[in-house]
Amino acid sequence: MCYDVKASLEAQLKRAKRLGDWSAVEEIMERLVPDTDLPIHHASGFSHPEMLIYTDKDPEFPVVATWGLIPHWVSDEEQMKKTWNNTLNARGETIFKKPSFKQAAKNNRCLIYIDGFYEHHHYNKATYPFYIYRKDKEPIVLAGLWNEWKNPDKGIFTSFTIVTTVANGLLSKIHNNPKLKVPRMPLILTEETEEKWLNPITEDSEIYQIENLIESYPESLLSYHTVSRLRGKEYLGNIEEISNEFVYEELVFE
DNA sequence: CCAGACGTTGTT
DNA sequence: GTCTGG
DNA sequence: CCAGACGTTGTT
DNA sequence: GTCTGG
């Protein structure tokens with residue numbers, strides 16, 4: 001799963017900057033970034049932050065979107081708020097089958113550039129948040145689905161969800177779920193697969209080309225450490241230090 | 001057929 | 001809009 | 001997902 | 001133990 005992320009301005013803009021179109025970057029800074037919650041040192045999906053996503057419609061120039069996909073059939077704002085806490089993630093195995101995701105899976109895929117994400121580990125009846133990031137400190141590219149929903153009161157509402165897959169060894173351990181159902185992790189793309197994720201498909205027979213991209217990311221490329229609380233009264237909020245290592249003396253992890 | 005849901009996570 | 005449960 | 005509430009009365 | 005809110 002993936003319910004907590006860090007998304008700095010630098011990470012979010014990495015894709016827009018890679019081609020060296022500085023006027024585009026300037027436009028993003030002036031016109032889009034003020035409508036976002038950036039920089040996000042930590043945000044929970046349940047707070048439905050506004051972020052930049054790169055869609056298949058314009059892969060180099062991002063749009064502002066809210067985390068928590070609103071399916072096309074949602075009719076009003078009340079129904080929307082019942083739905084969007086349940087569509088923060090989308091199971092990769094079923095995105096082409098579920099009514100909430102199938103249209104977006106076929107026609108509206110996107111990338112979300114983040115610094116890293118947070119997961120909770122359970123030990124001795126307590127909960128310990130971990131921050132997970134790439135060993136090389138480069139941004140993590142997540143696979144997403146996005147959508148434009150017509151809010152009858154307020155116009156077009158752009159939202160997205162993060163696709164998940166089975167967890168690798170490291171994330172299974174952080175989740176320390178010993179059995180039965182396989183733990184989950186977000187779908188992290190590589191330089192090759194991120195372009196394929198945005199590649200349009202027209203026929204149902206091409207769905208497998210997208211499904212083939214859904215696999216867990218090698219744990220050898222990831223690093224991690226514990227951080228201070230991300231929930232409840234001890235939560236420090238969206239401050240820069242929130243992703244810094246915070247050692248819990250009582251926690252034994254290894 | 002109609003009514004009602006439509007979704008995710010893990011159970012150290 | 002489309003699928004599932006009764 | 002985790003943290004925190006989990007109830008009643010009448011009304012600032 | 002289980003539901004709700006964020």
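Everything numeric in this text was worked out from a predicted model, so none of it was measured. A note on names: the letters A, B, ... follow the listed sequences, proteins ahead of strands, and every chain is numbered from 1.
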Q | Pairwise C1' distance, B/dA5 and D/dT9 [rounded to whole Å] | A | 37 Å
(Q) For E/dG5 and A/R231 - does any side-chain N or O of the residue sit under 4.0 Å from the phosphate oxygens OP1/OP2? (A) no
Q. Which of residues 96-123 of chain A have a heavy atom under 4.0 Å from DNA chain D?
A. A/H120, A/H122
Q) Nearest-Å distance, NZ (A/K233) to P (E/dG6)? A) 16 Å
Q) Taking atom C1' in both D/dC6 and B/dA3, what distance in whole Å separates the two? A) 32 Å
(Q) Could you check, using the six-membered ring where one of them is a Trp, whether A/Y123 and A/Y248 have ring centers closer than 6.0 angstrom? (A) no
Q. Considering only B/dC6, B/dT9, B/dT12, which nucleotide approaches the side chain of A/M1 most closely?
A. B/dT9
Q | Donor-acceptor pair between A/S47 and A/S44 side chains, under 3.5 angstrom | A | no
(Q) Measuring from the side chain of A/T164 (C-beta onward, heavy atoms only), which nucleotide among D/dA3, B/dT9, B/dT8 has the closest atom? (A) B/dT9
(Q) Would you say A/R91 places a side-chain N or O within less than 4.0 Å of OP1 or OP2 belonging to B/dT9? (A) yes
Q. Between atom CE in A/M185 and atom P in D/dC1, what is the gap in whole Å?
A. 17 Å
Q | Whether A/Y131 and A/Y118 hold their rings parallel, tilted or perpendicular, with breakpoints at 30° and 60° | A | tilted
(Q) I need the CD-P distance between A/Q79 and B/dC6, as an integer number of Å. (A) 11 Å
Q: May I ask which nucleotide in the shown strands pairs with E/dG1, Watson-Crick or G-U wobble, both distances under 3.5 Å?
A: D/dC6
Q. Does the pair A/E77/A/K154 count as a salt bridge with the N-to-O cut at 4.0 Å?
A. yes
Q: State whether A/E195 and A/R15 are salt-bridged, where the test is any N-O pair (Lys NZ or Arg NE/NH1/NH2 against Asp/Glu carboxylate O) under 4.0 Å.
A: yes
Q) Of all the nucleotides listed (C/dG1, D/dA3, B/dG10), which has the minimum atom distance to the side chain of A/H72? A) C/dG1
Q | Atom-to-atom span, CH2 of A/W67 to P of B/dT8 - whole angstrom | A | 14 Å
Q. Using centres under 5.5 Å plus planes under 30 degrees as the test, is A/W73 stacked with C/dT2?
A. no
Q. Within the pair A/S44 and D/dC2, is there a side-chain N or O less than 4.0 Å away from OP1 or OP2?
A. no
Q: Check the pair A/W146 / A/K57 against side-chain contact (heavy atoms from CB on, under 4.5 Å), numbers first and verdict last.
A: CA-CA 11 Å; A/W146 67 287; A/K57 298 296 175 289; 3.6 Å; yes
Q) With under 30° as parallel and over 60° as perpendicular, where do the rings of A/W149 and A/F157 fit, or are they tilted in between? A) perpendicular
(Q) Looking only at the side chain of A/Y3 (C-beta and beyond, no hydrogens), which of the listed nucleotides B/dT8, B/dT12, E/dG6 gets closest? (A) B/dT8
